There are 2 protein chains.
Amino acid sequence: MAFYKGQETYSVDSKGRLNIPAKMRRALSPEALNTFVLTRGSDRCVAAYPLDEWRRYELEYAKLNQYDEQSRFFLRTVLAWSEEVELDGQQRIMVPKKYLDFAGIDGKVMIVGMIDHIELWQPEEFEIYLSKSEASYEQVASQVMQRPNGQ
Amino acid sequence: MAFYKGQETYSVDSKGRLNIPAKMRRALSPEALNTFVLTRGSDRCVAAYPLDEWRRYELEYAKLNQYDEQSRFFLRTVLAWSEEVELDGQQRIMVPKKYLDFAGIDGKVMIVGMIDHIELWQPEEFEIYLSKSEASYEQVASQVMQRPNGQ
DNA sequence: AAAATTGTGGGTAAAAGTGGGGACTGTGAA
DNA sequence: TTCACAGTCCCCACTTTTACCCACAATTTT
């Protein structure tokens, strides 16, 4: 499987349409049916999962017992902020306004590859996010990746 | 299989008619015969099951031991509050007043996709519901989904 | 250099969401 | 029995949103 990576600055037009970078589009498997599922990301961004990836999560959700109060709360929270969008003839998706608002996006978007999904950020917001960690990249990396490459 | 998801604010007109969002309508299988079964949801909302899904629940209900007092109570409550409604020419359903009253709905409705059914909420009520959980979303998520993606 | 792909914008027909009139039905009161 | 009334259902109509098409400059590939 191809993982999403890289960052590109793209624009959302007045109709809310957003072009998906060609490189990232190539990582879309045919099973995704040219469809992404938008959802609220961790931190202030919009996450877009290819449909086939999203289905794997959904199957887990479907197993939850809806008669359990906590499960219901979890499902409603996740699902209320999920929506399928399909690529149009120009390989663009329509991003509903409420998602743009959530991430503070207006006009320009930073599209970031994130392994199994892509993220949409307000460009300055993303810069700030990268720069504001007190710990350095090297410090965090050594904590997160104890034994890279499975060795 | 397509699961219900997303949230949309729609309106119930003076005749009690409610349009079903197109995206959710597309998740309706032909076996549902354009019919939903309304019932009381868990928490203060109205649940609408596609007819074919509802039949599966009915099979479960049929297995309950009617000599058990709690089972009887559960069955009577659920069944007394169940009613079939069919989509009209404009893809709307007629929501009887008692359901609107139960959920406190008047004019505007928040329609929420919930895996195998959709829920109708009074919009503010839903906002409050999402925001007032004592535990944070992250806490609940980690409790509910111990092993996300089945890994 | 030519050809194909990519990123962006806009016009227009179709679909979606909303509202209302009028016929039909069944109920209860006169 | 007849009438008034409420509740449905079936059309029609209007506005907004979305989907689909075409266009074009910039970039990449051949």
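Just so you know, these numbers come straight off a predicted model, no measurement behind them. Order of the sequence lines fixes the chain letters, A, B, ..., with proteins taken first and strands second; residue numbering starts at 1 for each chain.
- Using a 4.5 Å heavy-atom threshold, the side chains of A:Glu58 and B:Lys5 count as touching.
- Atom CG in A:Asn34 sits roughly 15 Å away from atom C1' in D:dA19 (whole-Å rounding).
- Ring-centre distance between A:Tyr49 and A:Tyr57: below the 6.0 Å cut-off.
- When all heavy atoms are compared, the tightest approach of A:Ala22 to A:Tyr10 is N-OH, 4.4 Å.
- Atom NZ of A:Lys97 is separated from atom P of D:dT16 by 17 Å (rounded to the nearest Å).
- A:Val85 pairs in a side-chain contact (heavy atoms from CB on, under 4.5 Å) with only one of the listed residues (A:Asn34, A:Leu51, A:Ile93), which is A:Ile93.
- Side-chain N/O atoms of B:Arg17 include none lying less than 4.0 angstrom from OP1 or OP2 on D:dC10.
- At whole-Å resolution of the value, NZ in B:Lys23 and P in D:dT17 are 15 Å apart.
- Aromatic pair B:Tyr99/B:Trp81: ring centres closer than 6.0 Å.
- Classification of A:Glu60 and A:Lys63 as a salt-bridged pair holds, one side-chain N sitting under 4.0 Å from a carboxylate O.
- Side chain of A:Pro21, nearest nucleotide from C:dA16, C:dG7, D:dT18: C:dG7.
- Here B:Arg55 does not pair with B:Glu31 in a salt bridge; the nearest charged N to carboxylate O distance is not below 4.0 Å.
- Contacts with DNA chain C (heavy atom under 4.0 Å) in residues 100-114 of chain A: none are found.
- In this structure, B:Arg56 does not pair ionically with B:Asp116, as no charged nitrogen and carboxylate oxygen lie closer than 4.0 Å.
- Less than 4.0 Å separates DNA chain C from at least one heavy atom of each of the following residues of residues 7-15 of chain A: A:Tyr10, A:Ser11, A:Asp13, A:Lys15.
- Within a 6.0 Å sphere centred on CZ of B:Phe102, other residues, nucleotides and ligands contribute more than 12 heavy atoms.
- Under a 4.0 Å N-O distance rule, the pair A:Glu8/A:Lys23 does not qualify as a salt bridge.
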Task: Stepwise side-chain contact (heavy atoms from CB on, under 4.5 Å) test for A:Glu84 and B:Arg26 - done: CA-CA 11 Å; A:Glu84 290 186 16; B:Arg26 288 193 201 101; over 6 Å; no
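- Among the protein residues, B:Ile20 comes within range of the sugar-phosphate backbone only, with heavy atoms under 4.0 Å from sugar or phosphate atoms but none that close to a base.
- In this structure, CE of A:Met94 is placed 8 Å from C1' of D:dT17, rounded to the nearest angstrom.
- Of all the residues in residues 83-93 of chain A, A:Gln90, A:Arg92 reach under 4.0 Å from DNA chain D with at least one non-hydrogen atom.
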